[in-house]
Amino acid sequence: MSGRKFVQNPGPTNIPDAVLEAFRRPAMDFDAPEFIELIDGIWAELPVLFGGAHGVVMLTAVGHGAWESALVNILAPGDRALFVAGGLFGQVWGATARTLGYDAVIADSGDLRRAPDPEMVHDALAADHEHRIKAVCVAQTETSTGSVIDVASFRAAIDRVNHPAFFVVDAIGSFASEPMRMADWDIDVVLAASQKALMMPPGLAFCAFSERALERSRERPTPSAYWAWPPRLNQERSYMRFGGTPPEQHVYALRAALDLIREEGGVDAVAARHRFYAAAVHACVEAWGKEGPWELNVVDPSERAAAVTCVRTGDIDAEELRAVARDRFDVSVGGGMLDMFGRAFRIGHLGELNEPMLLGALGGVEAAMDRLGHPHGPGLSVAAAALAERA
């Protein structure tokens, strides 16, 4: 079939042509002045993008590498950490910690239709009189459910009991699609990755840290070579900044992506665009549901993420719908997770995206519904009307 395929998964996402073209560079000497200047510029920008980080390290890895790097830099072997789970990835992050030998405690309400409640953190820390919990780890956006938390409320929950635990936020699914105020919200570590709203392929991950977190990492609480932050800092040679051979083409692509973000008005403008598109998708799903089983998974509108929308399908086979949308109409959407597998699909609306692309993706899903004979309300026309309101 001619034309472009629409990839509306929660990640990887659509990649702009400028970013793709940036990869088309030959290998070069990574100690050349040109490359050093490129890296210096990026390193100077990243703390601002995270909302006031003390510093940022870049890892040749996916988001799971950022998870591990955060843990080994602030936790000693056997330390206890509290993982807030609002879906799949909070649980997997906690399981990762256990694999590394940490005492992972998972706080999970079991309700996949609500964002995690900060009172779970407050209660757990209030009961921790000996301060055995050394870190509170939470995801800003839970891509398995389509929920987003109010990060500031979790910081407040920690502060209300005056607990010294490090505050670690997984922003892998939310960076550049939701506001991030690392300094204002007193976050110790923020994690991000390239394949979401940064509009790149997988391959780069980021750990932004506070001064307190960096001081802790200098003690090398868990022995580590590759994931440790201090050896990557204040290095004149790019080799040491990356813990090995720099991913040169990824770095050039990141420069192109950051330039696009700047041209759009900065990371806050990009996040506002994501929120606007998310509202159009939510309106579409609600309209579908007026004449069918389609239902937004997250009940409270204030808890719905700007990056991804999880749609429940009732008794309809969501995997069949996804297959028809992908194979017949060239629109790929994510599948349901946990107990929503086969009974939900997830529409990613992040990265490089504009109104025609979004309407095309929603139209492909709606066409798949028609192809399979599933009832639905006028979602596509409602989404078009919502998008028409953008200034």
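If you're wondering where the values come from, they're calculated on a predicted model, not measured in any experiment. Atom set for the values below is all heavy atoms of this structure, side chains included, hydrogens, waters and symmetry mates excluded.
In this structure, T222 and L100 have side chains that are not in contact, with every pair of non-hydrogen atoms separated by 4.5 Å or more. Looking at heavy atoms from C-beta onward, L353 lies out of side-chain contact with H274 at the 4.5 angstrom threshold. Looking at heavy atoms from C-beta onward, W93 lies in side-chain contact with V168 at the 4.5 angstrom threshold. Using a 4.5 Å heavy-atom threshold, the side chains of T13 and V7 count as separate. The closest side-chain heavy-atom distance from Y252 to E21 is not below 4.5 Å. For the pair S174 and V148, the minimum side-chain heavy-atom distance is 4.5 Å or more. P293 is listed as a side-chain neighbour of I316, based on a closest heavy-atom distance under 4.5 Å. Side chains of L82 and M120 form no contact here, defined as non-hydrogen atoms less than 4.5 Å apart.
Counting only distance, with no hydrogens or angles, the side chain of N354 and the backbone of M357 share a donor-acceptor pair below 3.5 Å. For the pair S69 (side chain) and W227 (backbone), a donor-acceptor distance under 3.5 Å is present. Between the side chain of Q140 and the main chain of V151, no donor-acceptor pair closer than 3.5 Å is present. Not one N or O on the side chain of S147 forms a donor-acceptor pair closer than 3.5 Å with the backbone of R114. S194 contributes a side-chain N or O that, together with a main-chain N or O of L204, makes up a donor-acceptor pair within less than 3.5 Å. No donor-acceptor pair under 3.5 Å is formed between the side chain of E219 and the backbone N or O of P221. Checking side-chain atoms of E178 against main-chain N and O of A306 turns up a donor-acceptor pair under 3.5 Å. R346 places no side-chain N or O within donor-acceptor distance of the main-chain N or O of G146, the cut-off being under 3.5 Å. Listed for the D170 side chain is no donor-acceptor partner under 3.5 Å among the backbone atoms of W67. Side-chain atoms of D188 never come within 3.5 Å of backbone atoms of F166 as a donor-acceptor pair (strictly under, hydrogens ignored).
The aromatic rings of H349 and H282 stand perpendicular to each other, their planes meeting at an angle above 60°, with 30° marking the opposite boundary.
No continuous path of hydrophobic side-chain contacts links V285 to V299 [ILVMFWY only; heavy atoms under 4.5 Å]. Cluster membership check: L75 shares its hydrophobic cluster with L59, using side-chain heavy-atom separations under 4.5 Å among Ile, Leu, Val, Met, Phe, Trp and Tyr. Both V19 and I39 belong to a single network of hydrophobic side chains, linked directly or stepwise wherever heavy atoms of I, L, V, M, F, W or Y lie under 4.5 Å apart. Side-chain heavy atoms closer than 4.5 Å link hydrophobic residues (I, L, V, M, F, W, Y) into clusters, and following such links, possibly through other members, connects Y277 to W288. Hydrophobic cluster membership is shared by I187 and V84, with clusters built from Ile, Leu, Val, Met, Phe, Trp and Tyr side chains linked at under 4.5 angstrom.
Enclosure of atom CZ in R132 is not indicated, since only 12 or fewer non-hydrogen atoms of other residues, nucleotides or ligands lie within 6.0 angstrom. Taking a 6.0 Å sphere around CZ of R160, one finds it holds more than 12 heavy atoms contributed by other residues, nucleotides or ligands.
For the pair R255 and E45, the salt-bridge criterion is met [side-chain N within less than 4.0 Å of a carboxylate O]. Using a 4.0 Å cut-off between charged side-chain N and carboxylate O, D128 and K134 make no salt bridge. A salt bridge links R4 with D17: the distance from a Lys NZ or Arg NE/NH1/NH2 to an Asp or Glu carboxylate oxygen falls below 4.0 Å. No salt bridge links E215 with R218; every basic N to acidic carboxylate O contact stays at or beyond 4.0 Å.
If you take CG on L350 and NZ on K196, they are separated by 7.0 Å, rounding to the nearest 0.5 Å. F154 contributes atom CZ, which lies 15.5 Å from atom CG of D186 (distance to the nearest 0.5 angstrom). The distance from atom CZ of F6 to atom CG of N14, rounded to the nearest 0.5 Å, is 8.0 Å. The distance from the CG atom of D31 to the OG atom of S238 is 5.0 Å, given to the nearest 0.5 Å. To the nearest 0.5 Å, atoms CG (L338) and OG1 (T145) are separated by 9.0 Å. To the nearest 0.5 Å, atoms NZ (K5) and CG (D330) are separated by 3.5 Å.
Looking at every heavy atom in both residues, I133 comes nearest to A165 through O-CB, 3.7 Å. The two residues R113 and N297 have their closest heavy-atom pair at NE-O, 2.8 Å. Residues A183 and G52 share a closest heavy-atom pair of CB-O, 3.6 Å. The two atoms that bring G87 and L112 nearest to each other are CA-CD2, 3.9 Å, heavy atoms only. Smallest separation of non-hydrogen atoms from R312 and M340: NH2-SD, 3.5 Å. Pairing each heavy atom of R322 with each of F345, the nearest pair is CG-CB, 4.0 Å.
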message: Between M337 and T143, is the side-chain contact (heavy atoms from CB on, under 4.5 Å) condition met? List the steps.
response: CA-CA 10 Å; M337 292 183 165; T143 56; 5.8 Å; no

- request: Could you please spell out the steps behind the side-chain contact (heavy atoms from CB on, under 4.5 Å) verdict for D370 and H376?
  value: CA-CA 8 Å; D370 290 337; H376 63 81; 2.6 Å; yes

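No option in N73, V56, V57 other than V57 meets the side chain to side chain contact (heavy atoms under 4.5 Å, CB included) test with F209.
Between F242 and W43, the ring center distance clears the sub-6.0 Å criterion. Side-chain rings of F50 and F175 approach one another, their centers coming within less than 6.0 Å.
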